[in-house]
Peer 1: 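Quick one: this structure, given as structure tokens, is what I'll be asking you about.
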Amino acid sequence: MHLVNVPARLRQLGVIPVVSLDRVESAVPLGEALLAGGLPCVEITFRTMAAEPAIRAISQSFPEILVGAGTVLNEEQVERAIAAGAKFIVLPGFSQAVVNLCRQRNLPVFPGVCTPTDVMMAIEAELAILKFFPADAFGGLKTLKALSAPFPNVEFIPTGGISAANLEEYLSFGKVLACAGSWMVKSELIAAGNFAEITRLTEEAVAIRRRARSE
Ligand code: 3PG
């Protein structure tokens, strides 16, 4: 997994489940549920204490799952994410310090942007794949199309308010590398131990991706 081309793999998978785990014990069943659903990828957010051990648990138990760290806000979290085995870093906004550290450590980093100024900052930092966040609240696909027009070399990962209802239209836009979201790995489902439903929602997302891309 160390040598995986992360952008290429994310493009191929098309969908990144974003999860906040309250208990590390949920990590392995979550990994199993995602694998069963056909989506060997997960972004675990640094919004809970369980994030770091959960990244470690999934990385160690399932080398075939591409594990990233999300909601990374500072350099200390980057170091913890790397030590736990994260293979990519996602942040809600742009941070030069975090981007610099990720680059130094050879780790793909996807900062959040939602304005042309944000995109220009990221381009100056030599980044070409950016999280579009919060996608739906910021005007959805219409805004993304307008935002991407002046930046033909940038690809986006729309995140925030994506669901089975709008995934297909986002994925049909050529500048979308992948979509990320929590809809198939909701905290309530994890708390209830309803991993069968997570697998079902994951399968549904994969089917939508296949349709959107005529696979
Ligand atoms: C994130 O952290 O990237 C978002 O919270 C995911 O957004 P969603 O919960 O609306 O899918």
Side-chain angles (χ1 to χ4, degrees), residues 6-7 10 13-22 26-27 30 33-34 37 39 41-52 54-55 58 66-74 77-78 80-81 84 86-95 98-99 102 107-115 118-119 122 127 129-144 147 155-171 173 176-192 194 197-198 200-206 208-209 212:
V6 171
L10 292 178
L13 296 172
V15 181
I16 308 169
V18 178
V19 68
S20 292
L21 285 176
D22 291 320
S26 307
L30 173 68
L34 292 172
L39 205 46
C41 176
V42 67
E43 174 189 326
I44 298 177
T45 66
F46 263 84
R47 296 184 197 183
T48 64
M49 299 289 285
E52 188 182 346
I55 291 170
I58 296 188
L66 178 60
V67 185
T71 321
V72 170
L73 303 181
N74 54 50
Q77 288 174 332
V78 173
R80 285 167 53 204
K87 296 295 184 290
F88 63 94
I89 300 287
V90 182
L91 25 162
F94 182 83
S95 156
V98 169
V99 167
C102 291
L107 207 65
V109 56
F110 309 116
V113 298
C114 61
T115 71
D118 297 342
V119 177
L127 296 167
I129 301 171
L130 306 173
K131 167 174 169 162
F132 173 50
F133 177 78
D136 203 49
F138 231 78
L141 191 55
K142 188 176 178 216
T143 298
L144 180 58
L147 181 64
E155 286 181 289
F156 293 92
I157 303 174
T159 311
I162 312 284
S163 70
N166 57 16
L167 178 63
E168 186 166 357
E169 57 172 352
Y170 277 102
L171 286 178
F173 180 42
V176 169
L177 179 102
C179 288
S182 63
W183 80 95
M184 74 288 260
V185 287
K186 286 269 176 240
S187 300
E188 305 85 81
L189 293 175
I190 293 167
N194 195 351
E197 179 64 1
I198 289 176
R200 190 192 71 76
L201 291 166
T202 303
E203 281 169 346
E204 180 187 48
V206 170
I208 293 169
R209 180 204 71 208

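Counting starts at 1 for both ligands and their atoms, in listed order. Every heavy atom of this structure was used, including side-chain atoms; hydrogens, water molecules and symmetry mates were not. This chain uses plain numbering: 1 for the first residue, then up along the sequence.
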Peer 1: Report the nearest protein non-hydrogen atom to atom 6 (C) of ligand 1: residue, atom name, distance rounded to 0.1 Å.
Peer 2: Thr159 CG2, 3.7 Å
Peer 1: Among Arg47, Glu43, Met184, Lys186, which one puts a heavy atom closest to atom 5 (O) of ligand 1?
Peer 2: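 Looking at heavy atoms only, the winner is Arg47.
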Peer 1: Would you call Glu197 and Arg200 a salt bridge, using N to O less than 4.0 angstrom?
Peer 2: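 So Glu197 pairs with Arg200 through a salt bridge.
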Peer 1: I need the nearest protein heavy-atom contact for atom 11 (O) of ligand 1: residue, atom name and distance, please.
Peer 2: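 Its nearest protein heavy-atom neighbour is Ser182 N, 2.8 Å.
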Peer 1: Is there a donor-acceptor contact under 3.5 Å from the side chain of Asn166 to the main chain of Gly161?
Peer 2: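 Judged by distance alone, yes, a pair lies under 3.5 Å.
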Peer 1: Should the ring pair Phe156 and Phe132 be called parallel, tilted or perpendicular, given that the plane angle runs from 0 to 90° and is split at 30 and 60?
Peer 2: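 Rings of Phe156 and Phe132: perpendicular, as their planes differ by over 60°.
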Peer 1: Has Thr48 got a side-chain atom pairing as donor or acceptor with Ser20's backbone, closer than 3.5 angstrom?
Peer 2: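 No: the side chain of Thr48 does not pair with the backbone of Ser20.
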Peer 1: At the 4.0 Å heavy-atom cut-off, does Ala180 count as touching ligand 1?
Peer 2: no
Peer 1: Should you measure from each heavy atom of Gly181, which atoms of ligand 1 turn up under 4.0 Å away?
Peer 2: 11 (O)
Peer 1: Search all heavy atoms of Ala164 against all heavy atoms of Ile208 and return the closest pair with its distance.
Peer 2: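 Closest approach of Ala164 to Ile208: O-CD1, 3.5 Å.
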Peer 1: Considering non-hydrogen atoms of the protein only, which is the closest contact for atom 7 (O) of ligand 1, and what is the distance?
Peer 2: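 Ranked first by proximity to atom 7 (O) of ligand 1 is Gly160 CA, 3.5 Å.
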Peer 1: Nearest protein heavy atom to atom 3 (O) of ligand 1, by residue and atom, and its distance?
Peer 2: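 In this structure, atom 3 (O) of ligand 1 has Lys131 NZ, 2.8 Å as its nearest protein heavy atom.
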Peer 1: Apply side-chain contact (heavy atoms from CB on, under 4.5 Å) to residues Val72 and Val109 and explain how you reach the verdict.
Peer 2: CA-CA 10 Å; Val72 170; Val109 56; over 6 Å; no
Peer 1: Can you report which non-hydrogen protein atom sits closest to atom 10 (O) of ligand 1, along with the distance?
Peer 2: Gly161 N, 2.8 Å
